[in-house]
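Working notes, beginning with the structure itself.
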Amino acid sequence: MSKLITLQEFILKNEADYSFATGELSRLLSDIAVASKIVSRDIRKAGLVDHIIGAQGGQNIQGEEQQKLDVIADITFIKAFEQGGEVCGIASEENENFVAFKSEKSKNGKYVVLFDPLDGSSNIDVNVSIGTIFSIYKRLSPIGNEATIEDMLQPGTEQIVAGYVLYGSSTMLVYTTGNGVNGFTLDPSIGEFCLSHPDMKMPEIGRLYAMNEGNIFECEKGLSDYIKYCQSRENQTGMPYSGRYIGSLVADFHRNLIKGGIYIYPDVLSAPEGKLRLLYECNPLAFIAEQAGGLASTGRKRILDIKPERLHQRVPYYVGSKLMVEKVMQFIEATENK
Ligand code: P6P
């Protein structure tokens, strides 16, 4: 039986991966792990404690009805970042503006974190897996000052850490520091994340495509042609792919990371820029995808190269197995060049 390696041990063992860190980043990753355990605990009891389940009654910046767990998760992560002292500011799906922490300790923090505290939260009431997505950057503004908007609007190529927590049949934390992707499963009996998926690699091709096909008549022809290709025997595997759409990005992404597949959320009439947010959904998962051998594109350009202009900027999103993302881009280009 292989030795049990906890997340803590793994972080310390790999601290040399990021030369400029002198322990702060390790502490920040540990803070994220603790906050994830708290959120996992709250989610696991959501069905039992009626004061949690259901809508909070407010709306977030996206105009989406806030579930109580959204708000609780957002507060839990913000507290962890503010109290840890490694982070000078954050941006989150649940907050219209970025938050620059005010304490002297936080103003000396080296990092900013952009995160979606609970993506897919509309699935909470129907007991479908949901997730947290996070992205860590080195601050650009001078240490000792408050964080600035420029700290938040960095291209995805500048990420130093990206990760997600999947609250599924088990709770998993998957992250990269730019040296591959590793997955940890929470063992509730000891309260530790344990290394369960070392050096994760996304299969070059898979037979699963994840898209809300209710949008099929609203998307561009190149994409609808690609979906027909997936459903035919003309595709790269010679067998029709299976449509698998959970409606929860982290769950769909994680399945494709393990089995191979593609997740698609295009620009459609009802969402002309796409639905997913660049900074705290698309960029972190794009970093992980590329580190695992996959790709992430708008259908025309690499996600990580985009220079962000707004905190809650949306982009069309194609992410997953390399050969599948390349193929849909060929379909889109072919239609454009007709
Ligand atoms: P639709 C959840 O709100 C989310 O951001 C992703 O987790 C999910 O993949 C997508 O939106 C679902 O959107 O329009 O298909 O319901």
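All values below were derived from every heavy atom in this structure, side-chain atoms included, with hydrogens, water molecules and symmetry-related copies excluded. Note that ligands are numbered from 1 as they come in the structure, with each ligand's atoms numbered from 1 the same way.
- Each of the following atoms of ligand 1 lies closer than 4.0 Å to a heavy atom of N212: 1 (P), 14 (O), 15 (O).
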Check residues 184-192 and write down every donor-acceptor pair under 3.5 Å in which the side-chain atom is one partner and the other belongs to a residue at least two apart or another chain.
residue	atom	partner	partner atom	Å
T185	OG1	S196	OG	2.7
D187	OD1	S189	N	2.8
D187	OD1	S189	OG	2.5
D187	OD2	S189	OG	3.3

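- Aromatic ring centres of F134 and Y280: separated by at least 6.0 Å.
- Between R300 and E220 there is a salt bridge, with a side-chain nitrogen of the basic residue lying less than 4.0 Å from a carboxylate oxygen of the acidic one.
- Annotation: ring-ring contact (aromatic ring centres under 6.0 Å, His included) contacts involving residues 143-170, sequence neighbours excluded, comprise Y164-F253, Y164-H254.
- With respect to atom 13 (O) of ligand 1, the closest heavy atom belonging to the protein is K275 NZ, 2.9 Å.
- If you look at D119 next to ligand 1, the close heavy atoms, those under 4.0 Å, all belong to the side chain.
- Using a non-hydrogen distance threshold of 4.0 Å, G247 registers as a contact of ligand 1.
- Looking at L276 next to ligand 1, no N or O pair under 3.5 Å apart turns up.
- A donor-acceptor pair under 3.5 Å links the side-chain atoms of E281 to the main chain of R277, judged by distance alone.
- Per-residue contacts place Y245 under 4.0 angstrom from the following atoms of ligand 1 (heavy atoms of the residue considered): 1 (P), 9 (O), 10 (C), 12 (C), 13 (O), 15 (O).
- Among the atoms of Y263, some N or O lies under 3.5 angstrom from an N or O of ligand 1.
- F77 and F115 have tilted rings, their planes meeting at an angle from 30° to 60° on a 0 to 90° scale.
- Residue D252 places no N or O, backbone or side chain, under 3.5 Å from any N or O of ligand 1.
- Atom numbering of ligand 1 starts at 1 in the shown order; those under 4.0 Å from a heavy atom of L249 are 6 (C), 7 (O), 8 (C), 9 (O).
- Taking every heavy atom of Y265 and a limit of under 4.0 angstrom, the matching atoms of ligand 1 come to 1 (P), 13 (O), 14 (O), 15 (O).
- Taking a cutoff of 4.0 Å between a charged side-chain nitrogen and a carboxylate oxygen, K79 and E82 do not qualify as a salt bridge.
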